[in-house]
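In the text below, chain A, chain B and the rest are named by the order of the sequence lines, each starting its count at 1. These values consider heavy atoms only, across backbone and side chains, with no hydrogens, waters or symmetry-generated copies. All of these numbers come straight from a predicted model, not from anything done at the bench.
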Number of protein chains: 2
Amino acid sequence: MSVLCFCEFPVNGPGMQNSPFRNAAQREADRAEKREAVLRAAVRMFNERGFFATSLDDVAASLGISKRTIYHYLANKDQVLLECVTIGLQQLLRAAEEARAEPGTGRERLVKFLRRYVEINMDDFGICVTRTGEEALSRESLPRYRALKKEIDAAMRQMLNEAINDGSIAPIDIKITAFTLAGALNWPGRWYDPKGALTPTQISMAMVKVLMSGLDTRSE
Amino acid sequence: MSVLCFCEFPVNGPGMQNSPFRNAAQREADRAEKREAVLRAAVRMFNERGFFATSLDDVAASLGISKRTIYHYLANKDQVLLECVTIGLQQLLRAAEEARAEPGTGRERLVKFLRRYVEINMDDFGICVTRTGEEALSRESLPRYRALKKEIDAAMRQMLNEAINDGSIAPIDIKITAFTLAGALNWPGRWYDPKGALTPTQISMAMVKVLMSGLDTRSE
DNA sequence: AGCACAATACACTCATGAGTGCGTATTAAT
DNA sequence: ATTAATACGCACTCATGAGTGTATTGTGCT
């Protein structure tokens with residue numbers, strides 16, 4: 001269920017008593033869960049107030065724990081941010097892989113990807129990616145971040161390429177188009193309001209439609 | 001020549017000796033020039049390292065002056081940022097006004113505006129607008145900033161509306177389209193590299209073309 | 001000459017927030 | 001029961017950077 005839960009052994013799963021005494025695997029799961037809770041609390045605050053305006057003291061307070069405890073699960077503030085954006089980027093990457101595995105024309109796969117892309121960008125971790133400038137990351141974290149971004153960009157370009165090759169979209173400039181799409185689809189991270197009238201699904205459908213059709217009148 | 005020079009009296013203009021003794025108007029112009037220099041230096045650093053990672057000591061050092069001098073021309077760091085983004089936003093606003101004053105169809109005016117919009121977003125002050133999140137501004141500055149943004153958004157929507165009404169573009173959803181365009185056109189502020197292969201003009205032409213035509217194959 | 005003010009610097013205060021040393025409690029392993 | 005390890009908090013250090021009090025110099029005004 002959770003994006004962050006990588007543990008192999010389900011806590012209190014089948015064949016296990018719901019016991020207050022936890023074995024090694026369960027304790028590891030507990031730890032992962034707490035770590036995730038920290039990241040969730042952090043990313044919400046980062047998105048709301050910005051990374052620099054958020055102190056780890058604030059994050060800790062929102063969880064009713066002390067800052068020292070956060071440092072038990074994460075090395076430093078930089079790592080907190082890196083984990084957050086990595087989760088967001090990995091979701092995007094997974095969306096690309098899933099879309100490319102689908103049947104249909106290149107255009108259909110592309111549309112699937114773009115829609116999912118916008119939706120992820122309206123999710124906590126996705127928002128964090130679009131709102132976080134490179135300045136926020138440390139010199140050490142930057143390469144990982146850039147590498148992931150590059151992978152996503154490459155996936156986008158490849159899908160554009162495939163769609164052009166099978167004739168399902170027009171033969172446009174791939175590089176510029178990829179930037180244009182990315183910009184348009186990242187932007188909701190800045191203005192999307194969960195309490196607003198439009199749902200993420202509505203927004204993603206409408207935006208992708210605009211991008212696919214363009215503004216010009218169709219000649220048919 | 002300069003965007004920032006609002007002085008009415010040209011320094012050492014016609015009918016004036018180029019004298020080392022400066023009158024009141026000239027001294028005011030000097031002051032404005034220095035103030036502008038501070039803003040320029042600041043905006044470059046903000047764009048390069050980010051607002052929070054830039055100290056006014058750094059900005060001062062880059063100009064060979066002391067931080068105290070900056071405070072002679074600007075009240076505080078918040079005002080430095082507000083001035084920078086205001087300049088950028090005002091350029092966008094002016095672009096909107098100019099485009100709307102042009103002859104031609106709604107589509108032609110819109111295209112003119114969009115092209116100029118991208119170009120401004122690859123300029124120092126424009127970049128600052130797109131890279132600066134609302135978190136960076138103080139509670140007092142935010143209203144001014146938001147008001148300007150809203151004006152630009154309104155101008156964009158009005159132009160879309162006019163173009164739809166005169167039939168020169170397709171009848172699309174104005175709100176979503178405005179967001180989509182803004183996002184796509186703001187994004188270059190994040191990736192544009194003055195030392196890159198593409199010039200701002202090339203980028204703006206290509207991006208606007210993609211947005212107007214869309215990715216779909218045209219039926220004609 | 002003498003006053004007023006603009007321009008600029010030096011050196012300071014002060015708050016904030018990242019990261020840490022150490023002490024304590026709870027649980028697991030032997 | 002004792003030991004080891006994990007979890008957590010309190011209170012601290014320390015750097016950084018925004019903003020200021022005050023002194024100094026230069027220039028225009030009368």
Nearest-Å distance, CD1 (Ile70(B)) to C1' (dC10(C))?
15 Å
Mark yes or no for whether Asp58(A), through its side chain, and Thr54(A), through its backbone, hold a donor-acceptor pair below 3.5 Å.
no
Rounded to the nearest angstrom, tell me the gap between atom NE2 in His72(B) and atom P in dC5(C).
13 Å
What is the distance, rounded to the nearest whole Å, between atom CG of Leu74(B) and atom P of dG19(D)?
11 Å
Should the side chain of Lys67(A) and the base of dG19(C) be counted as holding a donor-acceptor pair, with the cut-off at 3.5 Å?
yes
Please report the distance, rounded to the nearest Å, between CG in Leu63(A) and P in dG9(D).
10 Å
Is the phosphate of dA7(D), meaning OP1 or OP2, less than 4.0 Å from a side-chain N or O of Thr69(A)?
no
Tell me whether the side-chain N/O atoms of Arg31(A) come closer than 4.0 Å to OP1 or OP2 in dA7(D).
yes
Tell me: OH of Tyr71(B) to P of dA7(C), nearest whole Å?
18 Å
Does anything in residues 147-157 of chain A form a side-chain hydrogen bond (donor to acceptor under 3.5 Å, both in side chains)? List the pairs, not counting sequence neighbours.
Tyr145(A)-Lys149(A), Asp153(A)-Arg157(A)
Are Trp187(B) and Phe179(A) an aromatic pair, judged by ring center distance below 6.0 Å?
no
Residues at least two apart in sequence or cross-chain that pass side-chain hydrogen bond (donor to acceptor under 3.5 Å, both in side chains) with Gln202(B), listed by chain then number, are Thr199(B)
Look at all strands and tell whether Lys34(A) reaches a base, only sugar-phosphate, or nothing, counting heavy atoms closer than 4.0 Å.
sugar-phosphate
Tell me: CG of Asp58(A) to P of dT16(C), nearest whole Å?
11 Å
Euclidean distance, atom CZ of residue Arg68(A) to atom P of dT24(C) [Å, nearest integer]
16 Å
Rounding to a whole Å, what distance do you find between Phe52(B):CZ and dA15(C):P?
20 Å
Check the phosphate of dA9(C) against Ser66(B), side-chain N and O only, distance under 4.0 Å to OP1 or OP2. Yes or no?
yes
